[in-house]
Amino acid sequence: MELPAVLGLVLLLHLPQIRATQGILHAVGDGVPNTGKDYCITYNSSWTTLPTSYANANYYKLENISSIWLCSESELPRTDLKNKAVVVMVGNCSILDKALIAQSRNAKMLLVASKDGLPRPTDNRSGYESLTIPIAYVKYGDIANMEQDVGRNINVTMYSPSPPLFDYSMLVIFLISVFTVALGGYWSGVSELEDLRPSHNTGESEGGKKKDENVTFTPFTVILFVVICCVMLLLLYFFYKWLVYVIICVFCLASALSMFNCLSALIQYIPYGRCRISCLSKSAEVRLIFLALFCAAISVTWAVFRNEDRWIWILQDILGIAFCLNFIKTLRMPNFKACVILLGLLLLYDVFFVFITPFITKNGQSIMIEVAAGPSGSTEKNGENYVEVPPDSQATFEKLPVVIRVPRLEYSAVKLCVMPFSLLGFGDIIVPGLLVAYCRRFDVRFTSSSAYYISCTIGMCHIFRS
């Protein structure tokens, strides 16, 4: 359980910032189904104003001449470009020069295909006042696969939905995080209360075993733990494509065990299925056997369908909540000094790997973001002229399963281009949860009527809200 726990603390989520205006290219063809498909684009909102919906937008027939750069009239084929959306390749000249040539042939839209991410349109427009057609960057892979996606005789339009006033997925994330931290802290207090009760002679060994399930950190082990976090993050940065499968396997085992521990604590209050089955001089309750099989089935189901975005996020969140609850209950901070050391070191760790490592890495990205987003989540920077967009929406890339994720409910360019899910790393739940759990155990030991537990939980609610 230690490895995914470290990763939960390693991936304090920091999503990449949007550096250009995203829009949507809507394409329809004669394929089946003929509902069309959306593709991500980047455009300059000061040059082009896009409608908020494709319903009332003007469609233009797509003319794919991405084999040329369109930097001179002599490059143009004999194809008629009148009232068409023209696709050309990026490079060799300014996109404004390309647009002027396309406009001179009566084209209605210019799409510039890029093989290396989506550049941001930042050319100086002075001297191009006569330019009126909309201009946008599109991924070359999307253009190449468009006929396969929507059929032949493709017509396209551009639009940009208004951003939602409120992201309801963040409300769900907030409720999950507060629930997990509060329940994990309360469960830790219940465990502390059981440890403080005098054990009877007959149950002495059983009580001792229960106490051994909890791990208490010392200031030295706190420092060692943060060092392990740093080492794990660096290993993931350099060997991600191999270690990600190790992390997935360990997460399956740890989350299944955590779910079993969480549910077995509740099942003790159910007065059914207490009969026992004996095998090899050992016995176990029937209900616990079925519970173990159920938890294993949930974990295996997630592992098999982990790349299915439509519904598997529900199982991942359930397993993640169980993992965080069990971790908060099991790991104990001995005193407030250890809490301060842990939080202080993790703050330095977070600042270094998020804000300082971009000055060290070759591609200018922070190590934390590279690991959290995975190998497909970012592109190399070139004077900050590229936005962070996955290179191929159809490709399946393995992601570290150490986040709570909830799909964005409102459709927008951000959902299509950047991140279809709102994410919260396990570390953002576990670290505050350890402090809340310490306050709850302090209340139990000194009978302070849950004052510290309630106060700390309310304080964590304000942190999550911000």
Side-chain angles (χ1 to χ4, degrees), residues 1 5 8-9 12-13 170-199 207 210-219 221-222 225-226 255 258-269 317-347 350 404 424-466:
M1 289 178 56
L9 295 177
L12 303 175
L13 184 65
M170 292 305 298
L171 175 61
V172 178
I173 288 281
F174 171 79
L175 294 177
I176 289 175
S177 59
V178 172
F179 166 80
T180 306
V181 167
L183 184 58
Y186 180 81
W187 191 16
S188 181
V190 171
S191 176
E192 181 75 13
L193 187 60
E194 291 177 355
D195 291 347
L196 292 177
R197 289 174 182 168
S199 58
K210 184 173 288 188
K211 289 183 180 182
D212 289 339
E213 292 177 355
N214 298 319
V215 179
T216 302
F217 266 12
T218 63
T221 52
V222 166
F225 181 79
V226 177
S255 59
S258 298
M259 177 177 284
F260 177 83
N261 290 338
C262 294
L263 296 181
S264 62
L266 296 176
I267 209 172
Q268 301 300 326
Y269 297 98
D317 289 355
I318 292 173
L319 293 171
I321 291 171
F323 173 79
C324 293
L325 285 173
N326 190 62
F327 190 92
I328 293 171
K329 177 257 181 184
T330 302
L331 185 61
R332 298 186 173 187
M333 308 304 293
N335 48 50
F336 193 69
K337 180 175 74 173
C339 294
V340 172
I341 294 175
L342 176 64
L343 296 176
L345 289 179
L346 287 177
L347 174 63
D350 208 24
I404 300 294
L424 184 69
F426 287 175
D428 293 324
I429 298 175
I430 292 174
V431 173
L434 294 176
L435 181 59
V436 172
Y438 171 76
C439 293
R440 177 57 185 164
R441 291 196 308 273
F442 184 89
D443 287 330
V444 170
R445 285 185 173 274
F446 296 96
T447 62
S448 54
S449 303
S450 302
Y452 290 99
Y453 168 69
I454 294 175
S455 301
C456 190
T457 303
I458 293 175
M460 292 303 166
C461 289
H462 286 285
I463 293 176
F464 286 133
R465 188 183 66 178
S466 61

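This chain uses plain numbering: 1 for the first residue, then up along the sequence. Values reported hereafter were calculated over all heavy atoms of this structure, with side chains retained and with hydrogens, waters and symmetry mates removed.
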Donor-acceptor contacts, no H, no angles, side chain residues 431-439, under 3.5 Å, sequence neighbours left out:
{"unit_1": "Y438", "atom_1": "OH", "unit_2": "F336", "atom_2": "N", "d": "3.2"}

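For residues 442-462, the salt bridge (charged side-chain N to carboxylate O under 4.0 Å, His left out) pairs, not counting sequence neighbours, are E192-R445.
L266 contributes atom CG, which lies 8.0 Å from atom CH2 of W187 (distance to the nearest 0.5 angstrom). L263 contributes atom CG, which lies 10.5 Å from atom OG of S258 (distance to the nearest 0.5 angstrom). Summarising the geometry, atom CD1 belonging to I429 is positioned 10.5 Å from atom CZ belonging to F323; distances are rounded to the nearest 0.5 Å. For the atom pair I267 CD1 and C262 SG, the distance stands at 13.0 Å (nearest 0.5 Å). Here the CG-SG distance, from L183 to C324, works out to 11.5 Å after rounding to the nearest 0.5 Å. A distance of 11.0 Å separates CG in N261 from CG in L325, rounded to the nearest 0.5 Å.
Of all the heavy atoms in V444 and G189, the pair that sits closest is CG2-O, 3.7 Å. Of all the heavy atoms in I176 and T180, the pair that sits closest is O-OG1, 2.7 Å. Closest heavy-atom contact between S455 and A451: OG-O, 2.8 Å.
When atom types are taken as modelled, the side chain of Y453 and the backbone of F442 share no donor-acceptor pair closer than 3.5 angstrom. In terms of modelled atom types and a separation under 3.5 Å, the side chain of T221 and the main chain of F217 share no donor-acceptor contact. Of the possible polar contacts, none joining the S188 side chain to the G184 backbone as a donor-acceptor pair under 3.5 Å is found.
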Given side chain to side chain contact (heavy atoms under 4.5 Å, CB included), test M333 with V222 step by step and report yes or no.
CA-CA 9 Å; M333 308 304 293; V222 166; 3.9 Å; yes

For L319 and M259, what are the C-alpha separation, side-chain angles and deciding distance, and is it a side chain to side chain contact (heavy atoms under 4.5 Å, CB included)?
CA-CA 7 Å; L319 293 171; M259 177 177 284; 3.7 Å; yes

Checking I321 against I404 for the side chain to side chain contact (heavy atoms under 4.5 Å, CB included) test, could you report, in this order, the C-alpha distance in whole Å, the side-chain angles of both residues, the deciding distance, and whether it holds?
CA-CA 8 Å; I321 291 171; I404 300 294; 4.2 Å; yes

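Taking a cutoff of 4.0 Å between a charged side-chain nitrogen and a carboxylate oxygen, R332 and D195 qualify as a salt bridge.
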